[in-house]
Amino acid sequence: MAGAAAFVEADNAEEIMARIETKSQKIESLLKHYKHVEALKTALDGSPPKTLDERCKSANWIVVHRAIMAIKDIEGMLNSLTAEYYDILMKYLYRGLSTGDEPTCEQCLMIHEKLTERAGLGCILRCLSDTTNTV
Amino acid sequence: MANSLRLYLACIKNTLEAAMCLQNFPCQEVERHNKPEVELKTSPELLLNPVLICRNEAEKCLIETSINSLRISLKVKQADELENILTKKFLRFLSMRAEAFQVLRRKPVQGYDISFLITNYHCEEMQKQKLIDFIIQFMEDIEKEIRDLKESVNTRGRLVATEFLKQFITNDAIYTEKLNVRHHSSRFSASPSPSLSNFVLRRPGELLQIPAITQLQIENFYGLGNVI
């Protein structure tokens, strides 16, 4: 049973990597057209990848990171983002804050403040307590 | 710069407000024991995701929560060697008196400068908001304290060097070059003395064995002109 699950995992990982590849290409084209919010939504779709594979998570993180760093107008972005994206965005913000890279951290801190105002402390707490779907 | 500090502290404050939901939870393994689960990490179901909030490579804050306890570890910005030493000594001084602070941990977590351990008992005795305000205030004050310590060390160094090297200044040097005799802080009330007869080692006409050093050269000799 465990063996079968591991096998499914490996297959799944390849699939997910492929999906992330297509996602990243789509996001690049969206960013070229200055559609930052759509790019972020596309990046957050299908996240977090339902797998324990670190490579998938890292690949997904890179894609989301690209979309987050391209955002200039935070208020507008949060206005057009629906509530279902708040939790997953918060998880990626914390991942961004743990990197220690200065521009990433600055951007993530700014978005974090605005997002907390909107989504409240519950969003943070869901992010902390969700040990199964980590990013 | 100030804005990024404000954002950093706001983020930590919000995270702490969300994470500080602690309740009493007796130990599951041993009867009649009550241990802070975040320290032991024996049961994964009792632990929440640890969160690392960095402002840049030098400053970060690690927040680990569990059902009955919360651990906050801070790494303070240390720009140079002197600040490194001052921070280590100062925070060690505080950590050794952890009893008085109640929420301080005696040893910082590996990789950090100082750690706090807040348990459910602290939350019962003290107000949660006040605890969070204390931590944030602590973070602000630490920076200021280290800066003040560094400034006082540099001031003392400059004064000591000036006083010591004044004995090598000659009369001629004083009155030909314009000297800026600085007024230092009140701890060392050094007033500019027009007659430096007690410092002059040679009388006019005597062979000079010690080169005349001017005030400006004193500053540059110790590299004290550009400190802080």
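Reminder, nothing fancy here: chain letters follow the sequence lines and each chain counts from 1.
- With sequence neighbours excluded, the residues satisfying side chain to side chain donor-acceptor pair (under 3.5 Å) with A/Arg55 are A/Asp53.
- Residues B/Leu131 and B/Ile135 are not in side-chain contact: their nearest non-hydrogen atoms beyond the backbone lie 4.5 Å or more apart.
- At a 4.5 Å heavy-atom cutoff, the contact between B/Leu47 and chain A is made by backbone atoms alone.
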Would you sort out whether B/Leu16 and B/Ile63 count as a side-chain contact (heavy atoms from CB on, under 4.5 Å), showing the intermediate values? CA-CA 8 Å; B/Leu16 282 179; B/Ile63 300 176; 3.9 Å; yes
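- Atom-to-atom distance recorded for A/Ile20:CD1 and A/Asn60:CG is 4.5 Å, nearest 0.5 angstrom.
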Please list every donor-acceptor pair closer than 3.5 Å that links chain A with chain B, giving the two atom names and the distance for each.
from: A/Tyr94; atom 1: OH; to: B/Thr15; atom 2: OG1; distance (Å): 2.8
from: A/Leu97; atom 1: O; to: B/Cys54; atom 2: N; distance (Å): 3.0
from: A/Ser98; atom 1: N; to: B/Leu52; atom 2: O; distance (Å): 3.4
from: A/Gly100; atom 1: O; to: B/Glu57; atom 2: N; distance (Å): 3.4
from: A/Glu113; atom 1: OE2; to: B/Arg6; atom 2: NH1; distance (Å): 3.2
from: A/Cys127; atom 1: O; to: B/Asn49; atom 2: ND2; distance (Å): 3.3
from: A/Leu128; atom 1: O; to: B/Asn49; atom 2: N; distance (Å): 2.9
from: A/Leu128; atom 1: O; to: B/Asn49; atom 2: ND2; distance (Å): 3.2
from: A/Asp130; atom 1: O; to: B/Asn49; atom 2: ND2; distance (Å): 2.9

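- Heavy atoms closer than 4.5 Å to chain A are found nowhere in B/Cys61, neither backbone nor side chain.
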What verdict does the side-chain contact (heavy atoms from CB on, under 4.5 Å) test give for A/Leu78 and A/Leu115, after you've listed the backbone C-alpha separation in whole Å, the side-chain angles of each residue and the deciding distance to 0.1 Å? CA-CA 7 Å; A/Leu78 287 176; A/Leu115 186 56; 3.8 Å; yes
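- Only the backbone of A/Cys127 comes within less than 4.5 Å of a heavy atom of chain B; no side-chain atom from C-beta onward does.
- Residues of residues 22-36 of chain A lying under 4.5 angstrom from chain B, judged on non-hydrogen atoms, do not exist here.
- Across every non-hydrogen atom of B/Ala18 and A/Leu125, the tightest pair is O-CD1, 3.3 Å.
- Between A/Leu81 and A/Leu89, the shortest heavy-atom distance links the atoms CD2-CD2, 3.9 Å.
- With values rounded to the nearest 0.5 angstrom, B/Ile114 atom CD1 is found 4.5 Å from B/Leu91 atom CG.
- Smallest separation of non-hydrogen atoms from B/Cys123 and B/Ile118: SG-CG2, 4.2 Å.
- Counting only residues at least two apart or on different chains, no ring-ring contact (aromatic ring centres under 6.0 Å, His included) pair has a member in residues 58-94 of chain B.
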Report the C-alpha distance between A/Val37 and A/Ser80 in whole Å, list the side-chain angles of each, state the deciding distance to 0.1 Å, and finish with yes or no for side-chain contact (heavy atoms from CB on, under 4.5 Å). CA-CA 7 Å; A/Val37 186; A/Ser80 39; 3.4 Å; yes
